[in-house]
Amino acid sequence: MNQQLPIRIISKVVRGYGRGSKDLGIPTANVSREKDVLSCSCGDFDHLPTGIYWGFARIGEMATPSDGGGVSSDGTAKGDVSVLGKVHVAAISIGYNPTYNNKEKTVEPHLIATQDHPQRHSSMCSETQFQDFYDKTIFLSVVGYLRPELPFEGLEKLTAAIKKDITDSEKMAVQSDPTTLRER
């Protein structure tokens, strides 16, 4: 699997099932699987390996240094509170969400705000809550594998696992290996 990483995806953000925000309090930027808007370094959507990953995501075009864009040395987005065009650490689910028994594979990154960002603990379970990104272009870099996707008994256990994935993603994003430095 690590031979396939990093995986780079460019697509549009689309509406998902709404469960990340409503059920879990952990919103995701669902990636369109439509071939006319999807570009994936490992082929088509169905060839993406399932699991929970960490990486980096950007919504919209790259912000310039003059508008506060870019990533700080710890791997987190820096500058003003605007999200568009800035690179964010992301916890990424690729798969079928076995707790919900999905039949179609999804790619769902949760963009993580920096510790000092005002949106950092604004969702109902104290995770990042940015504005909606529907129909915006997303640039996603899947850098590392965290764990397999698993079915959980109840939303409380699922939410706890996702919060750990978010913490693990933040820890991994500060590495200084060549792949992490290049991708962020």
Problem set entry | Stepwise side-chain contact (heavy atoms from CB on, under 4.5 Å) check, F139 with V87 | CA-CA 9 Å; F139 299 83; V87 177; over 6 Å; no
Looking at [X] and [Y], what are the two nearest heavy atoms and their distance?
{"X": "A113", "Y": "E170", "value": "O-OE2, 4.2 Å"}
{"X": "L146", "Y": "D165", "value": "CD1-O, 3.7 Å"}
{"X": "P151", "Y": "P98", "value": "N-CG, 3.6 Å"}
{"X": "I138", "Y": "A29", "value": "CD1-CB, 4.1 Å"}
{"X": "G85", "Y": "R58", "value": "O-CD, 3.5 Å"}
{"X": "A161", "Y": "R147", "value": "CB-NH2, 3.9 Å"}

For this session: Test side-chain contact (heavy atoms from CB on, under 4.5 Å) on L38 and F45 and set out the steps.
Result: CA-CA 8 Å; L38 175 71; F45 209 90; 3.7 Å; yes
Flag the pair [X] / [Y] as yes when at least one side-chain heavy-atom distance between them is below 4.5 Å, and no otherwise.
{"X": "I26", "Y": "I166", "value": "yes"}
{"X": "V143", "Y": "Q175", "value": "no"}
{"X": "V142", "Y": "P6", "value": "no"}
{"X": "N102", "Y": "R19", "value": "yes"}
{"X": "L5", "Y": "T179", "value": "no"}
{"X": "Y17", "Y": "N30", "value": "no"}
{"X": "H110", "Y": "T28", "value": "yes"}

Treat each ILVMFWY residue as a node, draw an edge where side-chain heavy atoms are under 4.5 Å apart, and state whether [X] and [Y] are in one component.
{"X": "I10", "Y": "V107", "value": "no"}
{"X": "V14", "Y": "I59", "value": "no"}
{"X": "Y134", "Y": "L111", "value": "yes"}
{"X": "L150", "Y": "I52", "value": "yes"}

For this session: Give the C-alpha distance, both sets of side-chain angles, the deciding distance and a yes or no for side-chain contact (heavy atoms from CB on, under 4.5 Å) between W54 and I112.
Result: CA-CA 11 Å; W54 68 273; I112 305 167; over 6 Å; no
Problem set entry | Residue list, salt bridge (charged side-chain N to carboxylate O under 4.0 Å, His left out) with E153, at least two apart or on another chain |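 E153: no salt bridge (charged side-chain N to carboxylate O under 4.0 Å, His left out) contacts found.
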Atom [atom1] of [X] and atom [atom2] of [Y]: how far apart are they, to the nearest 0.5 Å?
{"X": "K163", "Y": "D168", "atom1": "NZ", "atom2": "CG", "value": "14.0 Å"}
{"X": "K12", "Y": "E34", "atom1": "NZ", "atom2": "CD", "value": "13.0 Å"}
{"X": "K105", "Y": "L48", "atom1": "NZ", "atom2": "CG", "value": "5.5 Å"}
{"X": "F56", "Y": "R184", "atom1": "CZ", "atom2": "CZ", "value": "5.5 Å"}
{"X": "R33", "Y": "D44", "atom1": "CZ", "atom2": "CG", "value": "8.0 Å"}
{"X": "E108", "Y": "I162", "atom1": "CD", "atom2": "CD1", "value": "9.0 Å"}

For this session: Tell me, with the steps shown, if Y53 and I7 meet side-chain contact (heavy atoms from CB on, under 4.5 Å).
Result: CA-CA 10 Å; Y53 296 85; I7 297 169; 5.8 Å; no
For this session: Look at R15 together with D132 and state whether they make a salt bridge at an N to O cut-off of under 4.0 Å.
Result: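 A salt bridge is absent here (no side-chain N lies under 4.0 Å from a carboxylate O).
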Check for a donor-acceptor pair, side chain of [X] on one end and backbone N or O of [Y] on the other, with a separation under 3.5 Å.
{"X": "T50", "Y": "G95", "value": "no"}
{"X": "T180", "Y": "S176", "value": "no"}
{"X": "E183", "Y": "G55", "value": "no"}

